[in-house]
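Here's the structure, in structure tokens; my notes come after.
One-based numbering, in listed order, for ligands and for the atoms of each. FYI, side chains are in, hydrogens and waters are out, and symmetry mates aren't considered; it's all heavy atoms of this structure. The first residue in the sequence is number 1, and the count goes up from there.
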Amino acid sequence: MSKNEIPYKIYLNENEMPAYWYNLRADMKNKPAPLLNPGTHQPMTAEELSGVFCEDLVKQELDNDTREYPIPREILDFYKMYRPSPLVRAYCLEKKLGTPAKIYYKFEGNNTSGSHKLNSAIAQAYYAKKQGLKGVTTETGAGQWGTALSMACAYFELDCKVYMVKVSYEQKPFRREVMRVYGASVTPSPSMTTQVGQKILAEHPGTTGSLGCAISEAVEVAVSNPGYRYVLGSVLNQVLLHQSVIGMETKIAMDKYGIKPDIIIGCAGGGSNLGGLIAPFMGEKLRGEADYRIIAVEPASCPSLTRGIYAYDFCDTGMVCPLSKMYTLGSDFIPAPNHAGGLRYHGMSPILSQLYDDGLMEAISVPQTSVFEAAETFARTEGILPAPESSHAIRAAIDEALKCKETGEEKTILFGLTGTGYFDLVAYEKYHDGKMDDYIPTDEELTAFRARLPKI
Ligand SMILES: *Cc1c(COP(=O)(O)O)cnc(C)c1O
């Protein structure tokens, strides 16, 4: 197919959009390990999980077998407001790099929340509404997930209580205000509104919080208020299921033009965008129908896949959540300040952890300043101001394209551009002013956190 036949942007018609989410677990020979009760160390039952999560979402969480989940009409209607997201051929970036590689990116930043997180937020809000709940609680770090969930809750007229990591609450007022525009209440975490928050504040006065603390608070509020459940924006199997809409759309669009990616790249925080993007491709790989090189990109400051270990660990600092088997740095690992807030989680999706352990995908880590350098190259050629998280994938895609320049190979590279960086300009400022550091944890530090993993 000649270059001219492939448009800059490949959109799907409404009738070509995926009608179902694809559950990758159905095709995995080695299933992800079950969540364990933190007290008994026995697999969590649906009944136990239903105290914390919405019923339909619990079913999805535990379902390793159903391959296809039809997307409910109400969710499809919402998706149509901002989907399909464009699949873009990065002609200008290719030209700038002088590479024979063909680069494509799937852009998820085209909605007000500015990231892919809305794909799962709307699904989770829908199931909460269907169950007749009053509202949901959650945590947010830099604020992308909280923003997405606020939008989704406003649409279904649900109450939304967000616990926002205190340092972000204070330093990033813009996302906080967007959440309030959509009607959410936002509390800086740790707070005095929960027992776990009071305990953390007593032990660590003056702490600026972490994602793990905020999770503990949000869970406590959900289980102690009738009509509320807790929702989470990444890591969980159900979130990867909803995010498969990214990969399904990409696959349909690529098939339409006869394009087959050789390399698929995504940034990995909790693993939801990458898990969603690769889903149908990994499905083919698992069924032996096709082969793809799949690369997870993480920050060198928070390297769960590349330097963590595969073990059961707590998902939160307060240790109230179920135990999850995943690549982890330890639940009390607090990464050095890094401007990709969405990638600062100590663990990784159990699905991606298992696939990585089985050698079905690769992982690399990249230092922060090299990520911002790639972000600027991208912004100056393709026009979009990328989120720092997304720019990890850009870095890896550029590096692969430059390798092709050396070897002359015309590889097709696909990467996930998860969001925009308008609310991350303080990070860009630090980069421009030469005030950004590339701190990488030492082996000794990582070993110390590992020693505190639960003994299962
Ligand atoms: C949250 C976020 C991520 C990382 O989360 P995953 O669950 O790993 O996808 C990546 N990019 C953006 C823009 C985000 O908001």
Which of the atoms of ligand 1 are close to [X], meaning less than 4.0 Å from one of its heavy atoms?
{"X": "Ser234", "value": "6 (P), 7 (O)"}
{"X": "Ser115", "value": "13 (C), 15 (O)"}
{"X": "Cys267", "value": "10 (C)"}
{"X": "Glu389", "value": "10 (C), 11 (N), 12 (C)"}

*Trp145 and Thr138: side-chain donor and acceptor closer than 3.5 Å?*
yes
How far is [atom] from the closest protein heavy atom, and which atom is that?
{"atom": "atom 5 (O) of ligand 1", "value": "Gly342 O, 3.9 Å"}
{"atom": "atom 1 (C) of ligand 1", "value": "Lys117 NZ, 1.4 Å"}
{"atom": "atom 13 (C) of ligand 1", "value": "Thr418 OG1, 3.3 Å"}

[X] to ligand 1: N or O pair under 3.5 Å?
{"X": "Ala268", "value": "no"}
{"X": "Asn273", "value": "yes"}
{"X": "Gly271", "value": "yes"}
{"X": "Leu343", "value": "no"}

Rounded to the nearest 0.5 angstrom, the OG-NZ distance for Ser85 and Lys106 is 3.0 Å
List the atom pairs, donor and acceptor, that lie under 3.5 Å between side-chain atoms in residues 424-433 and the rest of the protein, sequence neighbours left out.
{"residue": "Tyr428", "atom": "OH", "partner": "Pro386", "partner atom": "O", "Å": "2.7"}
{"residue": "His432", "atom": "ND1", "partner": "Tyr428", "partner atom": "O", "Å": "3.1"}
{"residue": "His432", "atom": "NE2", "partner": "Glu376", "partner atom": "OE2", "Å": "2.3"}

Counting heavy atoms under 4.0 Å, the part of His116 that contacts ligand 1 is side chain
Residues pairing under salt bridge (Lys or Arg N to Asp or Glu O under 4.0 Å) where one sits in residues 345-371, two or more places apart or in two chains, turn out to be Arg293-Glu362
Taking only Lys NZ, Arg NE, NH1 and NH2, and the carboxylate oxygens of Asp or Glu, determine whether Glu284 and Arg287 approach each other closer than 4.0 Å.
no
TODO: Measure the acute angle between the ring planes of Trp21 and Tyr127, then classify it against the limits of 30° and 60° as parallel, tilted or perpendicular.
DONE: tilted
Is it the case that the side chain of Thr99 and the backbone of Ala401 share a donor-acceptor pair, with hydrogens and angles ignored and the cut-off at 3.5 Å?
yes
Do Lys59 and Phe53 form a cation-pi contact, if we require the NZ or CZ to be under 6.0 Å from the six-membered ring centre and within 45 degrees of the ring's axis?
no
